[in-house]
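Structure first, commentary second.
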Amino acid sequence: MSTVHNPNAVPRVMRDSSEWRPTAYRSHTIGEVVSNGADMVGSEVTVAGYAETVRGRGGVCFLMLRDGTGHIQAFLKRDNMDESLFGSIQSATRESTIQVTGTVAQKRPPKVAEGEPVPPPEYEVNVTTAAVLADAAAPLPVGVTDDVHVGLDVRLDNRHLDLRRAHVNAMFQLRSKVLQYGRDHLISEGFQEINTPKIIAAAAEGGTNLFPMKYFETDAYLSQSPQLYKQLAVLGGLERVFEIGPAFRAEKHDTYRHLNEFISFDIEGAWMDDEDVMGVQERMIHHIWSEVVANDQSLFDIINEYRASQGQESVTIEVPTVPFPRIPYCDAINIVKAGGGEIEWGDDIESHHCDIIAAEHPGFHFIPRWPMSMKPFYIHHKEGEEGSAGGQLSRGFDLNYGRDEMTSGGQREHRVDVLEQNLRNMGLEPTDFTFYTDGFRYGAPPHAGWGLGVARLLMVLTGAGNVREVVLFPRDRSRVTP
RNA sequence: GCCCUGAUGGUGUAGUGGCCUAUCAUGCAGCCCUGUCGAGGCUGCGACCCGGGUUCAAAUCCCGGUCGGGGCGCCA
C-alpha cells in the first residue's frame, strides 16, 4: 500500500533555485539541471553535493548527488575518465561532498514491470572529471536516507546530519516561509519591524524566572519578553510594530512545547483594543496558511512521504476560516464544567481542561476576557465588565490551537494611575517600575498586542509532535549543546 | 519540582531467570553481478549504560548512579 519507495514519487527538486547565480564550486544547482534537463542535454555543467549513494563496483559507477535544491544521478565510466579519480569516487563514503563536471544527458529509463506506466524522462550528468571535496566518516551516526527511526535526542546531538534529511530540511524551509508570510502580512497592515534589547536590568513581566548574567560590573538578565519595550516603542509614536526575536525563560519545564530559549513573534499597535489585535492575528494566520497552500505543497509532500515511511498519518493543511471562534473565559469555564472537568471561575485553564475545550473547538480559537486577577499588571480592564461569578474581567486573551496555547495578548493599560494601582493590587511596588511607567506620563495611546510562539505555530503546521523538531538547536532544561 | 517509564551493535529494535557464543532491519566491510535506480545475490563485522547485590545460573530480579522518554505544573 505504501508508495514511499516508488522512485516516481520521490521529489527530485527540493526548492526553486532558478535565480541563483553560479558559484566558485558549481555552474548550476542540481535543482536547475533537474528542472531544465530537457533543454540542457549536451551542455557541460559542474555541480556539487553530498553523495547520497554510490553504486557500482565494476567499470561503471552511479553516484546520487544531493545539494540543497535537489538530487541527480551522476554517471561515471572508468573508460571515460582518469582511473584513479574514478576509483576515488567509486570508493567514496555516503555523505562525502563531491564535485563533478560532465554533460547533461537523458537517463536510460528504468525497467518497469509489464503494464506499469513508464516514468517521465529524467536527466543525469555524464561525468568527465570529478573531485571529492571532503570525505564523510562512516558509519553515519544518523542515516540521511535510511528509513530507520531515529530518536530525537540522537538527532539533536547530530543535528548537522539530521538537517540533511529531506523532511527535516522541508520543515525548516517551511519555518522560513511562515516567517516570511507573517512579515509580509504585518507589513501590509502597516506594522514595522523593530528589535528590542535582550539584555535587560529588570523583569519585564512578573512570574517567569530570568536567567541572570553579568553586564560588566552590573547584574543583568536575559529578556523573557519584549513586552515592555514594544509598548514603549508604540508610546513613542511608532504606531504599529512587530518583532521576531528570542525570549529566555529560566523555567524548569520539560514538555513537548516548552523551551528555555524560544522565538517570539510579537506585535503591538496603537489605538487598538484586544479585538483589533485578535483581528490582526487571525488575518495573519489566515494569510500564512493561504500562502503555504498556494506555494509550498511540495514541502508537505516531502514531509508526508517521510511520515508514511514511519507509519504516521499525512499532515494536511486546511486554511482556517476567519474569524476564529471566540470562547470567552466564562464560556470556556462552562464548557470544561459541562465536559466533566473540575474547575471554578478564577482558576487557570490547564492542559487537561484545554483537552475538553479542544473536543468542541479542535482548531484555532481565541479565549478572551480572562479575570483581571490572573493577568499581568499591564493588562487593561474596563470598569464594570464582570464575569459570571462577579470578578473583574480583563482585556487579555489567548489563542489556542486544540489543546495548545499559541499566543497570549491583550489590550494594555495606558492610564498610568490605573497601572500603578494594578501594581499595588498585585503586591508590587510602583517605584520599582518607573522605567516603564514613566513612559506613560506624557500622553499614552490606548494600545494592544500579542506574542506568538513561532515553534508552536510550526508544530501545528508541520504536524511535528515536539517543538524541538522545528527549532534548529533547541535549548531545554538539559540541553545547551550543540 | 512531582508522577510514570525506559537504557541491547553506528541507528532503530526482538528479548519477561537457563532456550542468548542475543533477533530482525538498517549500516559498515568484502566478493559476485549490473546502465544501476528502494538495485540484486553471497560472505563477514558490530551491542546487553555504569557500580554493587540476589542466584547453581542475570540482558532479564533488587539497590545506587548516570543518561533518556511520557505526563503534570508554569507558560509562548
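We name chains A, B, ... by the order of the sequence lines, and we start the count at 1 in each one.
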Using nucleotides 23-31 of chain B, report all nitrogen or oxygen pairs with the protein that are shorter than 3.5 Å.
residue: B:U26; atom: O2'; partner: A:D146; partner atom: OD2; Å: 3.2
residue: B:G27; atom: O3'; partner: A:R94; partner atom: NH2; Å: 3.4
residue: B:C28; atom: OP1; partner: A:R94; partner atom: NE; Å: 3.0

Distance, [atom1] atom - from [M] to [N], rounded to whole angstrom:
| N | M | atom1 | value |
| --- | --- | --- | --- |
| B:C63 | B:A29 | C1' | 43 Å |
| B:G46 | B:U5 | C1' | 29 Å |
| B:A14 | B:A25 | P | 15 Å |
| B:C32 | B:G10 | C1' | 26 Å |
| B:U11 | B:C56 | P | 37 Å |
| B:G27 | B:G64 | P | 41 Å |
| B:A58 | B:C49 | P | 15 Å |
| B:U55 | B:C50 | P | 23 Å |

Subject >> Inter- and intrachain pairs under ring-ring contact (aromatic ring centres under 6.0 Å, His included), touching residues 393-413 of chain A, at least two apart >> reply: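 Residue pairs passing ring-ring contact (aromatic ring centres under 6.0 Å, His included), neighbours aside: A:F364-A:Y401, A:F366-A:F397.
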
Original post:
Is there any ring-ring contact (aromatic ring centres under 6.0 Å, His included) pair reaching into residues 148-171 of chain A, and which pairs are they, with sequence neighbours excluded?
Top reply: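 Only A:H167-A:Y306 qualify under ring-ring contact (aromatic ring centres under 6.0 Å, His included).
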
Identify, with sequence neighbours excluded, every residue that meets side chain to side chain contact (heavy atoms under 4.5 Å, CB included) alongside [X].
| X | value |
| --- | --- |
| A:P328 | A:D331 |
| A:D146 | A:R94, A:V148 |
| A:L222 | A:F211, A:M213, A:F248 |

**OP:** Of all the heavy-atom pairs spanning A:C354 and A:I349, show the shortest one and how long it is.
**Re:**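 For A:C354 and A:I349, the tightest heavy-atom pair comes out as SG-CG2, 3.9 Å.
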
**OP:** Taking all non-hydrogen atoms of both residues into account, name the closest pair between A:M459 and A:N466 and its distance.
**Re:**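 Between these two residues, the closest heavy atoms are SD-C, 3.7 Å.
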
Original post:
In chain order, what residues pass the side chain to side chain donor-acceptor pair (under 3.5 Å) check against A:D82, with sequence neighbours excluded?
Top reply: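 A:D82: side chain to side chain donor-acceptor pair (under 3.5 Å) contacts with A:S84.
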
Subject >> Partners passing side chain to side chain donor-acceptor pair (under 3.5 Å) against A:N400 (at least two apart in sequence or in another chain) >> reply: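 Counting only residues at least two positions away or on another chain, A:N400 forms no side chain to side chain donor-acceptor pair (under 3.5 Å).
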
**OP:** Evaluate the salt bridge (charged side-chain N to carboxylate O under 4.0 Å, His left out) criterion for residues A:R66 and A:E95: first the C-alpha distance (whole Å), next the side-chain angles of each, then the deciding distance (0.1 Å), finally the verdict.
**Re:** CA-CA 9 Å; A:R66 179 194 71 245; A:E95 295 304 312; 2.8 Å; yes

Subject >> Base-contact (B) and sugar-phosphate-only (S) positions in nucleotides 66-73 of chain B, heavy-atom cut-off under 4.0 Å, - elsewhere >> reply: --S--SBB

Examine the side chains of [X] and [Y] and answer whether a donor and an acceptor come within less than 3.5 Å of each other.
| X | Y | answer |
| --- | --- | --- |
| A:H286 | A:E282 | no |
| A:K375 | A:S373 | no |
| A:D404 | A:Y256 | yes |

**OP:** Could you tell me whether A:E405 and A:R257 have a side-chain N and a carboxylate O separated by less than 4.0 Å?
**Re:**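 Answer for the salt bridge query: no.
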
Original post:
Does A:E251 pair with A:R477 as a salt bridge, N-O distance under 4.0 Å?
Top reply: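 Answer for the salt bridge query: no.
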
Subject >> Per-pair stack call A:F62 and B:G35, 5.5 Å, 30° >> reply: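 No, A:F62 does not stack on the base of B:G35, since the centre distance and plane angle fail the 5.5 Å and 30° test.
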
Subject >> Pair A:Y378 + A:F433: ring centers closer than 6.0 Å >> reply: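 No, too far apart.
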
**OP:** Take A:Y229 and A:V241, measure what side chain to side chain contact (heavy atoms under 4.5 Å, CB included) needs, and give me the verdict at the end.
**Re:** CA-CA 11 Å; A:Y229 288 99; A:V241 300; over 6 Å; no

So which protein nitrogen or oxygen atoms get under 3.5 Å of nucleotides 3-6 of chain B's nitrogens or oxygens?
none

Kindly give the atom pairs (protein nitrogen or oxygen, nucleotide nitrogen or oxygen) under 3.5 Å for nucleotides 39-42 of chain B.
residue: B:A39; atom: OP2; partner: A:R55; partner atom: NH1; Å: 2.9
residue: B:A39; atom: O5'; partner: A:R55; partner atom: NH1; Å: 3.3

Original post:
Taking for each residue the nucleotide of RNA chain B with the nearest heavy atom, is it A:G59 or A:L259 whose nucleotide lies nearer the 5' end?
Top reply: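 The residue whose closest nucleotide sits nearer the 5' end is A:G59.
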
Original post:
Given that A:L452 and A:K77 both sit by RNA chain B, which one's nearest nucleotide is further toward the 5' end?
Top reply: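 Final value for this comparison: A:K77.
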
Original post:
Under a cut-off of 3.5 Å for both distances of each Watson-Crick or G-U pair, what dot-bracket string does RNA chain B give, using [ ] for crossing pairs and | for inter-strand pairs?
Top reply: (((((((..(((.....[.....)))((((((.......))))))...(((((..]....))))))))))))....

Subject >> Pair of N/O donor and acceptor under 3.5 Å linking B:G1 base with A:E251 side chain >> reply: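 Between B:G1 and A:E251, which were checked side chain against base, a qualifying N/O pair under 3.5 Å is absent.
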
